[in-house]
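Single-structure report; data block below.
First listed ligand is number 1; within each ligand, the first listed atom is number 1.
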Amino acid sequence: MLIDNHNRKINYLRLAVTDRCNLRCNYCMPSEGIDFVKNNKLLTIDELSKISEVLVGQGIDKIRITGGEPFVRKDLMVLLRKLSALDGLNDISVTTNATLIGPYIDELKALGIKNVNVSLDAINKETFERITRRNQFDTVHNNLIRLITEGFNVRINFIVLEGQNEQDIVPILELMKHYNVSVRFLEEMPFNGGSKSFVGIKWNYKAILEHVSTTYPNFQKLESPPTSTSINYKINGHKGTFGIIPSFSRTFCGSCNRLRITATGDVITCLYGKPKANLRDIIRRKNEVEEVQNAILKAVGNRAKTGFEAQEEHASTIFDNSMTSIGG
Ligand code: SAM
Ligand code: SF4
C-alpha cells in the first residue's frame, strides 16, 4: 500500500500515454502546439504496462488513461487489453476529447472499461471550434451521445473560461437534463503551455455555483466520496448531476489520493509541483522492478501537503508547461 508523508493513501494513478493531441484547446496549448517530445522519449506500451503492473502491486487499484489525446496513440488498445488483465486493478478509466474514440467503443465495453470522461467546453458548435481551434464538434457530440447510450458512466469536463464559454453553462445543463451524465465545471489552471497570460480566474467555484443558481435555484448538494475532487449537486427534475472542481482554488488537497505519470515517465505527486523521478530512465537503464518501486516510495514519501506548498518548488509563479504534457 502507498501512504504518503501526510497519511494519505495513494491508490489512483493518472497515466499519460502521449503528449500529442489532434485538438489545440486554447487553455491547454498554443495554436502551433508545444515542443512535443521525440517518439523515443515516450514510454512504450510495454513500459507503460510494466510500470502499471508495479504500481498495482504497490496498491494502485484505479488507473485513468490520459494524455495528450490517448486515442492518437494507435497502440492504445494493446495497453488497455493488458491492463484489463491485471489482478488488483478494479477500475480503468479514460479521459478523452472524444474525437477518435468512435471505432473503439465496442471493444472498450467488452474490456469492462466503464468510466469515460469527455472534455467538452461548449455546446455551441462555433464556441467549441473557437476554443479547440479544430472543427470536430459534430464528431465529439455524436461520440458523446453514443457513449452515454451504450451505458458508459460518462462525465463531461467543462472548463469555465472567461469571455469564451460562460454562456454555455446553463445550456449544457439543459441539454444533459434527460441523460444520466455528470457535467463537471472546472476552474481553469495556469498550465496552457504559454498560450495565454494567466493572472487569476474570474470563474472560481463560487462564481460558477452562483451562476447556475440564478437559473436553477433548486438543487441539492450530494454526498461525494471523500477523495472526490468535485463538489456535486442534483437539480430537481434532472436525470444527471453536476459538479464543480475547484482545481485552481485547491480545496481538495487534504484527501488527494493521486499519483501522475507523464508520457515520458516523470513521476508527479502534485499537479502544481515538479517531477520527482523519471521511471523511463530507470527502466531503460536497469529494467529492475525494485528500482521502480523504490523511486515511487521515495516520491510518495516526500509529497507536498497542498498544491500551494508544491507550487513553491517553482522559482517563478509563471508555469510554462502544458496540461497535454502533464495529463490533467
Ligand atoms: N485530451 C484529453 C482531454 O482533453 O480530455 C485528455 C488530456 S487533457 C490534458 C485532460 C484534462 O485536462 C481535460 O479534461 C482538460 O479539459 C484538462 N485541462 C487541460 N488544460 C487545462 C487547464 N489549463 N486548466 C484546467 N484543466 C485543463
Ligand atoms: Fe488536447 Fe485535451 Fe489539451 Fe484539448 S485539453 S488540447 S483535447 S490534450
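Of the residues listed (Ile244, Asn117, Ile156), the one engaging Arg184 in a side-chain contact (heavy atoms from CB on, under 4.5 Å) is Asn117, and it is the only one. Put simply, the residue from Thr264, Asp266, Ile34 that forms a side-chain contact (heavy atoms from CB on, under 4.5 Å) with Ser325 is Ile34.
Under a 4.5 Å side-chain heavy-atom criterion applied to ILVMFWY residues, the cluster that includes Leu186 comprises Tyr27, Ile131, Ile159, Leu161, Ile245, Phe252 as well.
For ligand 1, residues of the protein lying within 4.0 angstrom by heavy-atom distance are Tyr27, Cys28, Thr66, Gly67, Gly68, Glu69, Thr95, Thr96, Asn97, Ser119, Asn157, Ile159, Glu187, Glu188, Met189, Phe191, Met323, Gly327, Gly328.
Although no hydrogens or angles enter the test, the distance criterion places no donor-acceptor pair under 3.5 Å between the side chain of Asp61 and the main chain of Asn90.
Aromatic rings of Phe191 and Tyr272 (six-membered ring for Trp) have centroids within the 6.0 Å cut-off, being under it.
Under the 6.0 Å distance and 45° angle rule, Arg73 does not count as a cation-pi partner of Phe71.
Here the shortest heavy-atom distance to atom 1 (Fe) of ligand 2, taken over Ala16, Gly33, Cys21, belongs to Cys21.
Side chain to side chain, Asn236 and Gln220 meet the donor-acceptor criterion of an N or O pair below 3.5 Å.
Ranking protein heavy atoms by distance to atom 6 (S) of ligand 2, first place goes to Cys25 N, 3.3 Å. Annotation: atom 3 (Fe) of ligand 2 to nearest protein heavy atom, Cys28 SG, 2.4 Å.
Atoms of ligand 2 found under 4.0 Å from any heavy atom of Met29 (numbered from 1 in listed order, with element): 6 (S).
Between Asp46 and Lys82 there is a salt bridge, since at least one side-chain N of the basic residue sits less than 4.0 Å from a carboxylate O of the acidic one.
Counting heavy atoms under 4.0 Å from ligand 2, residue Met323 does not touch it at all.
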